[in-house]
Amino acid sequence: MLAYPSSIDLSSGTLRYLTTRLRAWQRKIGTRWRRLPAGRQALLALAHLRCGDTYARLAAGFGIGVATVYRYIREAIDVLAAAAPTLTEAMKTVRAKAFVILDGTLLPIDRIAADTPYYSGKHKRHGMNIQVLTDPFGRLLWASLALPGSAHDLTAARRHGIDALAEADVKCWADKAYQGAGRSVRVPFRGRRLKRWKRRHNSTRAKIRCLGEQAMATLKGWRLLRKLRCSTNRITDIVNAVVVLHHAST
């Protein structure tokens, strides 16, 4: 087996944060001995999430079994996901913002054509629908539960309780997919032959919404999310773990 040194484009603060949480969890459950200390387990989990390294590759690199890699990564993700903010908790931060940006994305998954509920007609691929809220600077505030890719963005947003924005009287910018979401969610004008002032209005709104694309780039920066090959039941926890690590590094 050949080996070579590699790197993870994350700060040491992110590693320390996850290590601290893992140590606290191990004290809570009374762990006495492990093949890897908390620091190495944190590095293992970050390599999987950030670089998308497979269990087999990580097992060879860390000198442990594939089953042990699976258990360690699952434990780290569960610990992180438990700290992710709910929409109710995120609303405390949202109320302090001038406005927020709502957007959805499709996380590709490894499925076959028979898995119809996961197929997105818009993106022409199988995946899971994720809704996110970002602040005016494009920083992630909240990520929703993962729904099958066939779910429309507006349907998904309503299912996740995005009406809370209207109740809190928070301004929200979104794209055309959210037509009918309510007065608090501002969307562009639709149509091909728009008046000049409507086109200018759409152009201004597009400049605001493009900041939300930074959040999507942040998510896709974690290479595991570019092609998920795990159970669809685990995707929500993986996304929440990424959100928590994002907050810890900013």
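All residue numbers in this chain count up from 1 along the given sequence.
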Please report the interatomic distance [atom1]([X]) to [atom2]([Y]), rounded to the nearest 0.5 Å.
{"X": "W173", "Y": "T204", "atom1": "CH2", "atom2": "OG1", "value": "8.5 Å"}
{"X": "T236", "Y": "L145", "atom1": "OG1", "atom2": "CG", "value": "5.0 Å"}
{"X": "L133", "Y": "D103", "atom1": "CG", "atom2": "CG", "value": "10.0 Å"}
{"X": "I130", "Y": "N240", "atom1": "CD1", "atom2": "CG", "value": "8.0 Å"}
{"X": "L58", "Y": "I64", "atom1": "CG", "atom2": "CD1", "value": "8.0 Å"}
{"X": "L107", "Y": "T232", "atom1": "CG", "atom2": "OG1", "value": "12.0 Å"}

Requested in this report: Report the residue from L224, T54, D110 that forms a side-chain contact (heavy atoms from CB on, under 4.5 Å) with R229.
Outcome: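 Per the side-chain contact (heavy atoms from CB on, under 4.5 Å) rule, the option paired with R229 is D110, out of L224, T54, D110.
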
Query raised in the report: Hey, is CZ on R125 packed in by over 12 heavy atoms from elsewhere, all under 6.0 Å?
Result: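 No.
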
Query raised in the report: Quick one: salt bridge (Lys or Arg N to Asp or Glu O under 4.0 Å) pairs with a partner in residues 45-56, sequence neighbours left out?
Result: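 Listed once each, the pairs are D9-R50, D53-R57.
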
**Report entry** Pair H123-S120, side-chain donor/acceptor within less than 3.5 Å
**Finding:**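 The answer is yes; a qualifying pair exists.
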
Which donor-acceptor pairs under 3.5 Å do side chains of residues 74-90 form with protein atoms, sequence neighbours excluded?
unit_1	atom_1	unit_2	atom_2	d
R74	NH1	Y70	OH	3.0
E75	OE1	R34	NH1	2.5
E75	OE1	R34	NH2	3.4
E75	OE1	Q41	NE2	2.7
E75	OE2	W25	NE1	2.9
E75	OE2	R34	NH2	2.8
D78	OD1	R234	NH1	3.0
D78	OD1	R234	NH2	3.2
T86	OG1	E89	N	3.3
E89	OE1	T86	N	3.0

Is [X] reaching over with its side chain to a backbone N or O of [Y], donor-acceptor style, under 3.5 angstrom?
{"X": "T218", "Y": "Q214", "value": "yes"}
{"X": "R223", "Y": "G52", "value": "no"}
{"X": "T155", "Y": "A151", "value": "no"}
{"X": "Q26", "Y": "R21", "value": "no"}
{"X": "T31", "Y": "W33", "value": "no"}

Are [X] and [Y] close enough that some pair of their side-chain heavy atoms sits under 4.5 Å apart?
{"X": "V69", "Y": "F62", "answer": "no"}
{"X": "W222", "Y": "V239", "answer": "no"}
{"X": "R40", "Y": "Y72", "answer": "no"}
{"X": "P108", "Y": "M128", "answer": "no"}
{"X": "C172", "Y": "F99", "answer": "no"}
{"X": "M91", "Y": "L165", "answer": "yes"}

Query - Residue list, ring pair (Phe, Tyr, Trp, His ring centres under 6.0 Å) with H201, at least two apart or on another chain - result: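 Partners of H201 under the ring pair (Phe, Tyr, Trp, His ring centres under 6.0 Å) test: F189.
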
Report task. Scan residues 127-146 for pairs that pass side chain to side chain donor-acceptor pair (under 3.5 Å), counting only residues two or more places apart or in two chains. Result ->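 Qualifying pairs: N129-Q131, N129-D153, Q131-D153, Q131-Y178, D135-R139, S144-H160.
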
Report task. If a pair satisfies side chain to side chain donor-acceptor pair (under 3.5 Å) and one of its residues is in residues 185-200, list it, with sequence neighbours excluded. Result ->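 Every pair satisfying side chain to side chain donor-acceptor pair (under 3.5 Å) with a residue in residues 185-200: there are none.
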
Report task. Could you walk me through whether I8 and C51 pass side chain to side chain contact (heavy atoms under 4.5 Å, CB included), step by step? Result -> CA-CA 7 Å; I8 306 175; C51 303; 4.1 Å; yes

Report task. Could you please spell out the steps behind the side chain to side chain contact (heavy atoms under 4.5 Å, CB included) verdict for D175 and R209? Result -> CA-CA 7 Å; D175 60 26; R209 293 198 320 274; 3.7 Å; yes

**Report entry** Worked verdict on L245 versus L10 for side chain to side chain contact (heavy atoms under 4.5 Å, CB included)
**Finding:** CA-CA 10 Å; L245 290 172; L10 294 171; 5.9 Å; no

Requested in this report: Could you pull out all residues at least two apart from T93 that satisfy side-chain contact (heavy atoms from CB on, under 4.5 Å)?
Outcome: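 If we apply the side-chain contact (heavy atoms from CB on, under 4.5 Å) test to T93, skipping adjacent residues, the hits are K97, L141.
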
**Report entry** Which atom of S150 lies closest to which atom of P117, heavy atoms considered
**Finding:**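 Taking S150 first and P117 second, the nearest heavy atoms are OG-O, 2.7 Å.
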
Report task. Would you please indicate yes or no on a ring centroid separation below 6.0 angstrom for Y119 and H126? Result ->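 Close enough - the centres of the two rings lie under 6.0 Å apart.
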
